[in-house]
Amino acid sequence: QVQLVESGGGLVQAGDSLRLSCTASISTLSVFAMGWFRQAPGKEREFLGVIDWSGERTYYGDSMEGRFTIARGNAKNTVYLQMNSLKFEDTAVYYCAAGPALRRHSGFPYWGQGTQVTVST
């Protein structure tokens, strides 16, 4: 069973930047793709972005607006989400997901527990 652990969430002010990290318990093609989702209270889970094993292919959700960047660590079992110019509406629980294939929906087999990001105005 693959375990994903997110870190880096917290309370920030609007306009700040924040980088989330997610580390998988293994570094094999079982985590060929790693991605990020978020879920705000009362809303559906939203796709933010996904990246492949090499780090060369990335897909972003429509709401990223160019403010978020996803990157893969050199060890391949880590993925980062750099978030800039944060807005109040970015407040949500952010989830890391991983699996053997690139997806742009929530069909990943492995999920982290989530990390809270709260943006104050």
Would you say [X]'s side chain and [Y]'s backbone share a donor-acceptor pair under 3.5 angstrom?
X	Y	answer
Arg38	Leu48	no
Thr118	Ala92	no
Ser25	Gln3	yes
Ser21	Val79	no
Gln39	Glu46	no
Asn77	Ala24	yes

Can you name the nearest heavy-atom pair linking [X] to [Y], along with the distance?
X	Y	value
Ser17	Ser85	OG-N, 4.2 Å
Glu6	Cys96	OE2-N, 2.8 Å
Ala98	Leu4	N-CD1, 3.7 Å
Val50	Ala33	CG2-CB, 4.1 Å
Leu18	Leu86	CB-CD1, 3.8 Å

With a 4.5 Å heavy-atom cut-off, do [X] and [Y] have their side chains touching?
X	Y	result
Leu20	Ser7	no
Met83	Val117	yes
Leu11	Gln116	no
Lys87	Arg67	yes
Pro100	Pro109	yes
Val31	Val2	yes
Leu102	Tyr59	yes
Asn84	Phe68	no

Establish, yes or no, whether the cationic atom of Arg45 lies under 6.0 Å from the six-membered ring centre of Tyr95 and within 45° of the ring axis.
-> yes

Taking atom CD of Gln82 as the centre, does the number of heavy atoms from other residues, nucleotides or ligands within less than 6.0 Å exceed 12?
-> yes

Neighbour count >12 (heavy atoms, 6.0 Å) for atom CD, Glu44 | no

Following the transitive rule for hydrophobic clusters with a side-chain heavy-atom cut-off under 4.5 Å over Ile, Leu, Val, Met, Phe, Trp and Tyr, establish whether Leu29 and Ile26 coincide in one cluster.
-> yes

Enumerate the residue pairs fulfilling ring-ring contact (aromatic ring centres under 6.0 Å, His included) with a member in residues 10-57, sequence neighbours excluded, ordered by first and then second residue.
-> Phe37-Phe47, Phe37-Phe108, Phe37-Trp111

Could you measure the distance from the [atom1] atom of [X] to the [atom2] atom of [Y]? Nearest 0.5 Å is fine.
X	Y	atom1	atom2	value
Ser120	Gln13	OG	CD	5.0 Å
Thr121	Phe88	OG1	CZ	6.5 Å
Thr23	Tyr80	OG1	OH	6.5 Å
Arg72	Ser54	CZ	OG	8.5 Å

Which residue pairs pass the salt bridge (Lys or Arg N to Asp or Glu O under 4.0 Å) test with at least one member in residues 17-27, sequence neighbours excluded?
-> none

